[in-house]
Structures are given as C-alpha cells and as structure tokens.
**Q** 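There's a structure below that I have some questions on.
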Amino acid sequence: MRSACPTRQRLAIPASFQDIARSDCFIVQEERHMGQDVTQAAASWNAHGPDLFLCRGTIKILETGLRAVLPAGTQALAEDALKLARRYQRLSGTAELRFRLEKIRHDSCRRFHVDQVPLRFLCTYTGPGVQWKYADSETIHETSAGWITLLKGRLYPGWSTKGAVLHRSPPLSDLLVPVTRLLLTLDHPDACGMGRQ
C-alpha cells in the first residue's frame, strides 16, 4: 500500500499525473496524438512564427501575448498550447508560469541533466521529442512528438538523486535531414531567470 504524499494535495495533481507525487517517481509521460489541425498549425508556426515566444504571467497574460504574435493558420496551435498551460498551472499550483515556445534547429542541451525547477512540462510539436534516461542507466528513451512529459527538477520538494531521471534535447546534428523542433516548455515563473538555457 502506498503512503500518502504530503505534496499531493498542495499540487492538486490530476489522476493521470498523480504518480509524480511519489518519492520514487521522477517522470510521467502521456501518449498524445495531435490532430491534423494542430499539426498543420505547428508547421505554419515553423514557417512564419517567431523563433522564440517567451512570456511569464497568468494564463490571461500568456493568452494576450501569444495572440499578439500569432501568424495566420496557427490558431489551433495556440489553443492547444494554452490548454497545456492551464494543465501545468493545475499541476504546479502556481498562479503564474513561464511559457516558452521555441524553434530549435541546432544541438541544444546535449548533456543529460536535471533542471533547477520544481516541475518541467514539455511537449514537442514538430521534430524529435525529449530524450531521457535514469541516472543509473545508459538506456536512452526518446519521446514522440505530441506526447506530454512531466519531469521533476531539483527544486521539487523532497527531490533526491536516488532514481533520478536525466533528460536532454535530441542531438539534431546526428540527423541526415535538417529538422526544426518546435518545443513548448512550461515552468515555474522564476525558472532560469526567464532567459534561455
């Protein structure tokens, strides 16, 4: 029988992600297949959207900022990303969050690492998804586009190195064909000083 986790109530974790509150759980992933409308909107963003949209604030602030830069044909992407932002807000229990939607065309964060955040929420819309492995294993797992990944960072209450999960961006230079990753990262509002990592 599992013991009750003191952070579970504070974080108000939905049933599908409730295991992240366990002390021995460092990653939760949810298989998700994007519809054609979101897939096409992501492609349009890659063609016409800014390389980086970075914003901190409430969902309303994020929505206002995102809609101000939306290229034609990307409404479905914005709606999906904001839906995920609302989900992260419920997971983290924070009134504000940091929202980063970024095109990645180069090797970024090649080294496996743990973030200096409580919880990091990732969704890759185009290109290969996040790679991860257990700290005591050499087996590398790669996430499919569209999937949701929730990772515990070092600032999560009670985090420890035992059983920790490390992650990185997939090395794009290893691919035979140039690829643009479109990555949504949701964090605590003070993550990394609101700058790039």
Side-chain angles (χ1 to χ4, degrees), residues 12-20 27-92 94 96-109 115 117 119-132 141-151 167-172 175 177-189 191 196-197:
I13 296 174
S16 60
F17 278 101
Q18 66 185 7
D19 282 349
I20 200 69
I27 184 172
V28 176
Q29 293 193 300
E30 182 177 285
E31 182 177 358
R32 202 173 74 108
H33 300 285
M34 297 181 297
Q36 189 65 26
D37 56 342
V38 175
T39 300
Q40 289 176 347
S44 294
W45 183 282
N46 280 346
H48 307 291
D51 286 348
L52 174 67
F53 174 78
L54 180 64
C55 188
R56 166 185 166 166
T58 62
I59 297 295
K60 185 65 177 174
I61 290 171
L62 300 178
E63 183 174 8
T64 300
L66 186 58
R67 294 197 187 287
V69 300
L70 274 187
T74 60
Q75 180 70 28
L77 172 68
E79 290 173 359
D80 188 75
L82 288 167
K83 179 177 70 176
L84 295 181
R86 291 183 187 95
R87 191 167 183 187
Y88 175 80
Q89 186 181 45
R90 292 193 301 272
L91 288 166
S92 64
T94 60
E96 296 186 350
L97 60 142
R98 185 186 73 160
F99 181 108
R100 184 173 72 189
L101 185 61
E102 183 175 15
K103 299 178 196 175
I104 302 171
R105 303 182 183 91
H106 54 83
D107 290 349
S108 172
C109 295
D115 296 306
V117 296
L119 286 171
R120 174 155 286 180
F121 190 107
L122 301 169
C123 178
T124 304
Y125 284 102
T126 64
V130 64
Q131 293 182 343
W132 64 273
H141 307 269
E142 185 167 292
T143 307
S144 298
W147 282 36
I148 297 169
T149 300
L150 182 67
L151 291 155
H167 71 281
R168 71 175 183 183
S169 294
L172 298 184
L175 303 177
V177 178
V179 169
T180 297
R181 294 182 71 219
L182 182 58
L183 176 66
L184 174 66
T185 305
L186 303 172
D187 282 311
H188 186 277
R196 288 178 179 265
Q197 293 188 16

**Q** Please report the closest heavy-atom contact between Pro50 and Trp45, naming both atoms and the distance.
**A**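 Reported closest heavy-atom pair: O-NE1, 3.3 Å.
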
**Q** If the threshold is 4.0 Å, N to carboxylate O, is there a salt bridge linking Arg67 and Glu63?
**A**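 Salt bridge: yes.
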
**Q** Is there a side-chain contact between Asp187 and Phe121 (heavy atoms, below 4.5 Å)?
**A**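 Asp187 does not reach Phe121 side chain to side chain.
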
**Q** Under the ring-ring contact (aromatic ring centres under 6.0 Å, His included) rule, what pairs show up with a residue in residues 65-84, not counting sequence neighbours?
**A**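 Not a single pair qualifies under ring-ring contact (aromatic ring centres under 6.0 Å, His included).
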
**Q** Any salt bridge linking Asp51 with Arg105? Criterion: basic side-chain nitrogen under 4.0 Å from a carboxylate oxygen.
**A**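 Judged by the 4.0 Å cut-off on N to carboxylate O distance, Asp51 and Arg105 do form a salt bridge.
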
**Q** Would you mind reporting whether Asp115 and His167 have side-chain heavy atoms less than 4.5 Å apart?
**A**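 The answer is yes; the side chains approach within 4.5 Å.
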
**Q** Restricting to side chain to side chain donor-acceptor pair (under 3.5 Å), what partner residues turn up for Ser44, sequence neighbours left out?
**A**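 With neighbours one apart ignored, the set is empty.
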
**Q** Applying side-chain contact (heavy atoms from CB on, under 4.5 Å), can you list everything that pairs with His141, at least two apart in sequence or on another chain?
**A**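 Counting only residues at least two positions away or on another chain, His141 forms a side-chain contact (heavy atoms from CB on, under 4.5 Å) with Trp132, Thr139.
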
**Q** Quickly, which of Ile148, Leu150, Leu151, Leu84 forms a side chain to side chain contact (heavy atoms under 4.5 Å, CB included) with Leu122? Name it, please.
**A**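 Considering Ile148, Leu150, Leu151, Leu84, a side chain to side chain contact (heavy atoms under 4.5 Å, CB included) with Leu122 is found only for Leu151.
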
**Q** What residues, two or more places apart in sequence or in another chain, satisfy side chain to side chain donor-acceptor pair (under 3.5 Å) together with Thr39?
**A**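 Checked Thr39 against side chain to side chain donor-acceptor pair (under 3.5 Å); zero matches.
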
**Q** We want to know whether Gln29 and Thr143 form a side-chain donor-acceptor pair, criterion being a heavy-atom distance below 3.5 angstrom.
**A**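 On atom types as modelled, these side chains qualify, holding a pair under 3.5 Å.
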
**Q** Mind jotting down which residue pairs meet the salt bridge (charged side-chain N to carboxylate O under 4.0 Å, His left out) criterion with at least one end in residues 33-48? Sequence neighbours excluded, please.
**A**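 Applying salt bridge (charged side-chain N to carboxylate O under 4.0 Å, His left out) to every pair that reaches into residues 33-48, excluding sequence neighbours, yields nothing.
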
**Q** Could you check Asn46, Thr126, Thr124 and say which one makes a side-chain hydrogen bond (donor to acceptor under 3.5 Å, both in side chains) with Arg181?
**A**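 When side-chain hydrogen bond (donor to acceptor under 3.5 Å, both in side chains) is applied between Arg181 and each of Asn46, Thr126, Thr124, only Thr124 qualifies.
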
**Q** The criterion is side chain to side chain donor-acceptor pair (under 3.5 Å); which residues satisfy it with Gln131, sequence neighbours excluded?
**A**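 Listed in chain order: Glu142, Arg168.
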
**Q** Contact between Leu54 and Phe99 at the side-chain level, heavy atoms closer than 4.5 Å - yes or no?
**A**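 Not in contact.
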
**Q** Got a sec, which residues hit side chain to side chain donor-acceptor pair (under 3.5 Å) with Arg32, two or more places apart in sequence or on another chain?
**A**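 Side chain to side chain donor-acceptor pair (under 3.5 Å) list for Arg32, sorted by chain: Asp80.
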
**Q** Who pairs with Thr58 by side-chain contact (heavy atoms from CB on, under 4.5 Å), at least two apart in sequence or on another chain?
**A**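 By the side-chain contact (heavy atoms from CB on, under 4.5 Å) rule, Thr58 matches Lys60, Ile61, Glu96.
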
**Q** Applying the side chain to side chain contact (heavy atoms under 4.5 Å, CB included) test to Leu101, which of Leu77, Leu183, Thr185 qualifies?
**A**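 Looking at Leu77, Leu183, Thr185, the match for Leu101 under the side chain to side chain contact (heavy atoms under 4.5 Å, CB included) is Leu77.
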
**Q** Side-chain contact, heavy-atom cut-off 4.5 Å: Arg87 with Glu30?
**A**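 Answer yes - side chains close enough.
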
**Q** Among residues at least two apart in sequence or on other chains, which ones pass side-chain contact (heavy atoms from CB on, under 4.5 Å) with Glu31?
**A**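 If we apply the side-chain contact (heavy atoms from CB on, under 4.5 Å) test to Glu31, skipping adjacent residues, the hits are His33, Trp147.
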
